[in-house]
Amino acid sequence: MEKIVSLSKRRGFIFQSSEIYGGLNGCWDYGPLGVELLNNVKQAWWRSMTFRENIEGIDAAIIMHPKVWEASGHVENFSDPMVDCKQCKARYRVDILLDELSLKKKKEILREIEPQKFSGQISDEKIHARFSELSADEKKLPELLQKFIPCPNCGNKQTFTEARQFNLMFKTFVGPVEDTNNVVYLRPETAQGIFVNFLNVQSASRQKLPFGIAQIGKAFRNEINTKNFLFRTREFEQMEMQFFVKPGSDDMWFEYWREERMKWFLELGMKPEKLRWHKHEKLAHYAKGAFDIEFEFPFGWGEIEGIHNRTDYDLSRHEQYSGKSMKYFDEETKEKFTPYVIETSVGASRSFMAFLVAAYDEEKVPTGEGGEEVRTVLHFHPQLAPVKAAILPLVNRDGMDTIARNLTQELHKSFRIFYDESGAIGRRYRRQDEIGTPYCFTIDSQTLQDQTVTVRERDTMKQERIALTSVKKYLSEKFV
RNA sequence: GCGGGAGUAACUCAGUUGGUAGAGUCACAGCCUUCCAAGCUGUUGGUCGCGGGUUCGAGUCCCGUCUCCCGCUCCA
């Protein structure tokens, strides 16, 4: 991981945000190559999703009406009460603290609090039910925490602070006056911008169910901990598509999109053994079914995409909170109903990192002198590679550099190209390997005679000769 | 959030009992070079993460703080 962080900095993929001021926790900037790679990832996704008849794109505002987040459940569910242990300084989410107690322990606690109700034989279900009632009771919760629950870290009782609200949404104000009436949130997910525009998009684009709306955009979560380079950051980018279907067909479409999305990663060069499905056992408040695509990072498996069956939860809630109908009318069957939603939600920043990690390799290769050495190479899929080709004059004389410069200018019209004339040719190849450039074209003395150039391929390091005039065509074929 | 490690040139790292900040790589200019990083000459680049303190004097000792990495914890 450190090697990748170091390469990212050295070659200009990722810089730490505000580095000259000591950095800001969990914020990162994309450098010249990073932004190319990120754009290529986003473009590959956008093309695969919206170059279809039944998916439209939008770009909604980051700041939305505060009611949106009440309707979505974020105000309610996204703020977790936390307690700190005064003894050992550990911090816990209250719901998790309570959840982790064993059934036996819960029974003991209930017997002590309400002996008249829980003295005899009591079913497990009843215990769970009563216990979650108590957990949700704001008056009883402090007593519960203080008296009965020890700190899982240090084991001490009565060391917890009062439960405090930690809202994971970034709060700010509309207008110059910082008044509670003006509070708005930076969106913690892009999905709601799609839901609230569902009928606008549907009627403007004359779409019929089933159809989807795609969006790429930044979202913000005031995470407690940031971690693992780009994996958990407070500002991140999502690539989301919400697919609206008729209730009853949702399971079928859920499976369809699971397959499609896995295929996308594989087609962009991900190795199957580096990807796996993770099924959510504990479902979020909105979901009927949820699968994650996980990637094996150096620090372990981590989610890069979620595919969820969100049911009609979001549209119904918006209908309820806004008072506007969110229903769809099917002209064919003359039915009116609230569509179900299948969501595919990829982390752009996370998949960026996954593609970077997956591409990174250190290979042993023979040297010109018959020895062996290590080359660092990024095996990006050509479509994702930040630089598509390098143009190299073998030596800077006899007009080779002029030919190379002219070729560079010509290709720049269609591709991102890198011209390099400094250092030995082997060194220049290695530089390109390190940033994942798939092809190098070398202008040599033979070019002067017969107008051909050497193409050197990144992964195999093999070379072939093609006509100078066909370089553009050669590249075009590779990047379709 | 807890525990451990680390912050010195763009990168990787030296830096002695506290006494004038170093190397290699990279980059840049030039020379040399006809296909897989290593030749020659020169050059740029550092308030030693930041802020205090002790001292005649701090990269070095003390306190605070920020950031990154690893392991736990957590991730509707």
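A note on names: the letters A, B, ... follow the listed sequences, proteins ahead of strands, and every chain is numbered from 1.
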### Task
Using the C1' atom as the reference point in each nucleotide, state the distance between B/A21 and B/G15 in Å, no decimals.
8 Å
### Query
B/C69 phosphate, OP1 or OP2: any side-chain N/O from A/Asn228 under 4.0 angstrom?
no
### Query
Of all residues at least two apart in sequence or in a different chain, which pass the side chain to side chain donor-acceptor pair (under 3.5 Å) check with A/Asn197?
A/Asn200
### Message
Taking side chain to side chain donor-acceptor pair (under 3.5 Å) as the definition, give me every residue that meets it alongside A/Thr311, ordered by chain and number, with sequence neighbours left out.
### Response
none
### Query
Where along residues 438-445 of chain A does a heavy atom fall under 4.0 Å from RNA chain B?
A/Thr442, A/Asp444, A/Ser445
Please list, pair by pair, any protein nitrogen or oxygen found under 3.5 Å from a nitrogen or oxygen in nucleotides 41-43 of chain B.
none

### Task
Would you list the pairs meeting ring-ring contact (aromatic ring centres under 6.0 Å, His included) in which at least one residue belongs to residues 5-34 of chain A, sequence neighbours left out?
A/Trp28-A/Phe229, A/Tyr30-A/Phe352
### Query
Quick one: do A/Asp420 and A/Arg428 make a salt bridge, cutoff under 4.0 Å?
no
### Task
Extract the stems that RNA chain B is part of, considering only consecutive pairing runs of at least three Watson-Crick or G-U wobble pairs, both distances under 3.5 Å.
B:1-7 with B:66-72, B:10-13 with B:22-25, B:27-31 with B:39-43, B:49-53 with B:61-65
### Message
Using a 4.0 Å heavy-atom cut-off to protein, can you give one letter per nucleotide of nucleotides 22-29 of chain B, 5' to 3': B if the base is in contact, S if only the sugar-phosphate is, - if neither?
### Response
----SSS-
### Task
Write down the distance separating the P atoms in B/A27 and B/U20, rounded off to the nearest Å.
33 Å
### Query
For RNA chain B, whose closest nucleotide is more 5', that of A/Leu230 or that of A/Leu448?
A/Leu448
### Task
Give a yes or no on whether a donor-acceptor pair under 3.5 Å exists between the nucleobase atoms of B/C35, that is its base, and the side chain of A/Thr454.
yes
#### Entry: Pairwise C1' distance for B/U47 and B/U43, with rounding to whole Å
23 Å
### Rounded P spacing from B/C26 to B/G19 in Å
32 Å
### Task
In whole angstrom, give me the gap between the C1' atoms of B/U8 and B/A23.
13 Å
#### Entry: Contact list for residues 341-357 of chain A, test salt bridge (Lys or Arg N to Asp or Glu O under 4.0 Å), sequence neighbours left out
A/Arg310-A/Glu343
### Query
Among all residues two or more places apart in sequence or in another chain, which pass the side chain to side chain donor-acceptor pair (under 3.5 Å) test with A/Asn40?
none
### Task
For nucleotides B/G51 and B/G45, find the distance between their C1' atoms and express it as a whole number of Å.
26 Å
### Query
Mind checking what makes side chain to side chain donor-acceptor pair (under 3.5 Å) contact with A/Glu457, not counting sequence neighbours?
A/Thr460
### Where at least one partner belongs to residues 24-34 of chain A, residue pairs that pass salt bridge (Lys or Arg N to Asp or Glu O under 4.0 Å), sequence neighbours excluded
none
### Summary
Ordered by number, residues from residues 13-21 of chain A within less than 4.0 Å of RNA chain B (heavy atoms) are A/Gln16
